[in-house]
Amino acid sequence: MAHRFPALTTEQKKELSDIAQRIVANGKGILAADESVGTMGNRLQRIKVENTEENRRQFREILFSVDNSINQSIGGVILFHETLYQKDSQGKLFRNILKEKGIVVGIKLDQGGAPLAGTNKETTIQGLDGLSERCAQYKKDGVDFGKWRAVLRIADQCPSSLAIQENANALARYASICQQNGLVPIVEPEVLPDGDHDLEHCQYVSEKVLAAVYKALNDHHVYLEGTLLKPNMVTAGHACTKKYTPEQVAMATVTALHRTVPAAVPGICFLSGGMSEEDATLNLNAINRCPLPRPWKLSFSYGRALQASALAAWGGKTENKKATQEAFMKRAVANCQAAQGQYVHTGSSGAAATQSLFTAAYTY
Amino acid sequence: MPYPYPALTPEQKKELSDIAHRIVALGKGILAADESTGSIAKRLQSIGTENTEENRRFYRQLLLTADDLIKSKGGVVGIKVDKGVVPLAGTNGETTTQGLDGLSERCAQYKKDGADFAKWRCVLKIGEHTPSALAIMENANVLASYASICQQNGIVPIAEPEILPDGDHDLKRCQYVTEKVLAAVYKALSDHHVYLEGTLLKPNMVTPGHACTQKYSNEEIAMATVTALSRTVPPAVTGVTFLSGGQSEEEASINLNAINKCPLLKPWVLTFSYGRALQASALKAWGGKKENLKAAQEEYIKRALTKSLACQGKYTPSGQSGAAASESLFISNHAY
């Protein structure tokens, strides 16, 4: 074994670990507002709004200009490239608005899926080319963390060893490059909920995937204390006829994590993966009340589960700004409580809150 | 990926996890029935007792009947199951460990004979080109195979990937190597479908090499050790029982104390096994004289059943009043 060549200096490590901890401090979580143009189009279509750059800008402006108290629930926001350079109606950059609220700015770094030949429609993720230069530029432009979404699915012969290995390796490469440029990498190995498999099957697959991810991170000399994990919760497939309680989901989820995720990882921010807003909150709450050892923060990085009600309230009309912000703030606060195991389900959620947000074979 | 074929039933898992918890709750495991006559010969020599078959038989019986008494008092009995190291060709003196042949049948018999856990020791060493990727991978794999077979037979496997303290490498180098080795071990355990909650880990503490001229405080050793573990050992692992390696029992206790006071998150129990000290006390009390049998057994049992204060971070080294306890754990400029 070659003598150790430190990947990071002490100062670099401290900076990364400080950023990671700030994002998940005190029950805070992440707003995943990094929908690509195409994906945002799907969201807007649901509320019958045209997918123009101005409409996308307007919706994000409403969210980001919410009251400063949002910074008690939201520690970080993930942006798409376009959004990072957009401004509000007064000409102020979104990223500066967020930073002034004390919220850490992040950026989606992957560039979508590419097929793995010889597999049952499995994919790896592109985006490593020139990644270091892109990260350096984003860091200059005020970004402090990155996100990269790898996708695995449960089906016949899936996920295959190749898919697991390849996606784990790409995630580790991305994480290493981020850290070299002062960005905290959020590592997202999503096991899709599509299918009729049961809870145990999802748990088994999640454990195998996460074990591979952390071995790859170790092989690539990634500094775990300066990373965050964004996994799926362990749930049954969407077409599974058996139903499970939030406590069962919580136990399966935390069991899988505590068998694979080292304590050095400061925070785990779950993706919502098509769960309704309310289920995403209830499950997170149950996770934070699970009696197993949980040395990492267990929080959220939600896109749909934070914005569905807000989108419905907005409907494309500026006069609905206040209602939109209230809907968003409500979900943010609820999830912050859930991240501390203190969410109390009042039963008075908005109409959109209980609506399933599942979209088959979801890609951004 | 094929649907999981459960390696263990829920009942089997519960039994293993209960045993593992009992071992670390007592503060240590008890290692019995050391199979090598060579080792026993050394022990007899150390108390000036003639190495006859009768004396060897007597000594073995002393330990085994003591084990029955230990079990009746709620202690746990374990067995070493590996068959020593063998060379890995094409490497710089590196080894793997044998013992897998017929291991399942041996474990089944040991379980019938009252053993509830087993131990398997792999050895790695730090040198210019070692440990090599092959040595790490091969030893991790053999540990995982052993662990899987143990669990199939109701025996809790203690995995011991010892990185020798020989050499002049510094603390950082040992930490780096330890992290690489442990990451490989846990990936292999996952690949072999081993139930982590029903295992224990017996690692080296992270220390500088014996010939290293730089000196480190107990707090530095503690911080390096816990950092390495927190980056590699999943929280599901029930407990970590450190080997003392080349350290004296006293030094190991002081370091264990510092480890338990380390401010990093430690989701596993952190303790160590008094293997050598147990036998030393019993041997001394026996002194080769039959009439001392009972006294020797009592000494052995007393040691075996005493909970280690060091596991609670309350250990005070003899002759000093907790000097280590008041030292700062902050080390500037030392990146882990």
Side-chain angles (χ1 to χ4, degrees), chain A residues 1-6 8-14 17 152-161 163-164 168 197-198 200-201 203-205 207-219 221-225 254-266 292-296, chain B residues 1-6 94 124-136 140 169-170 172-177 179-191 193-197 226-238 264-268 332-336:
Chain A
M1 166 177 285
H3 193 98
R4 196 173 141 251
F5 305 106
L8 300 163
T9 64
T10 314
E11 293 73 26
Q12 284 175 304
K13 285 182 176 179
K14 185 173 193 320
S17 124
L152 295 135
R153 65 193 198 99
I154 297 176
D156 183 37
Q157 306 298 315
C158 301
S160 64
S161 311
I164 294 177
H197 52 274
D198 62 12
E200 287 76 15
H201 194 169
Q203 183 184 330
Y204 175 82
V205 170
E207 287 178 19
K208 293 302 178 191
V209 168
L210 289 169
V213 167
Y214 281 96
K215 180 58 165 65
L217 290 174
N218 182 282
D219 289 342
H221 315 302
V222 174
Y223 177 58
L224 292 188
E225 293 88 331
V254 181
T255 299
L257 295 171
H258 97 310
R259 288 175 180 170
T260 54
V261 183
V265 174
L292 294 176
R294 294 175 271 113
W296 348 256
Chain B
M1 165 175 288
Y3 190 93
Y5 303 102
E94 294 179 292
L124 295 136
K125 58 181 187 135
I126 298 178
E128 204 189 331
H129 300 290
T130 60
S132 64
L134 172 64
I136 294 178
H169 52 272
D170 62 11
K172 272 193 197 176
R173 178 95 200 271
C174 179
Q175 183 184 332
Y176 175 81
V177 171
E179 288 179 18
K180 292 301 174 193
V181 167
L182 290 176
V185 167
Y186 283 96
K187 180 57 165 63
L189 290 174
S190 169
D191 290 342
H193 315 302
V194 173
Y195 176 59
L196 292 187
E197 293 89 325
V226 181
T227 300
L229 298 175
S230 83
R231 288 175 181 172
T232 54
V233 182
V237 173
T238 299
L264 296 179
L265 275 165
K266 305 179 291 287
W268 348 256
S332 62
N333 293 328
H334 192 155
Y336 289 99

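Worth knowing before you read on, the calculation uses all heavy atoms, side chains too, and leaves out hydrogens, waters and symmetry mates. Treat the numbers as computed from the prediction; the structure is a model and nothing was measured.
When heavy atoms are compared at a cutoff of 4.5 Å, B:H193 approaches chain A by way of both its backbone and its side chain. Heavy atoms closer than 4.5 Å to chain A are found nowhere in B:A135, neither backbone nor side chain. Within the 4.5 angstrom heavy-atom criterion, no atom of A:A163 approaches chain B. If you measure heavy-atom distances from B:Y195 to chain A, the contacts under 4.5 Å come from the side chain alone.
Here CD of B:E197 is found 7.0 Å from OG1 of A:T255. Values are rounded to the nearest 0.5 Å. For the atom pair OG1 (B:T232) and CG (A:L224), the distance works out to 9.0 Å, reported to the nearest 0.5 Å. Atoms OH and NE2, from B:Y176 and A:H221 in turn, are 4.0 Å apart once rounded to the nearest 0.5 Å.
Across all their heavy atoms, B:S230 and A:P262 have their closest contact at O-CB, 3.1 Å.
For the options A:A211, A:A264, A:A263, heavy-atom pairs under 4.5 Å to chain B are most numerous at A:A264.
Side-chain contact between B:P234 and A:H258 is absent, with no heavy atoms from C-beta onward closer than 4.5 Å.
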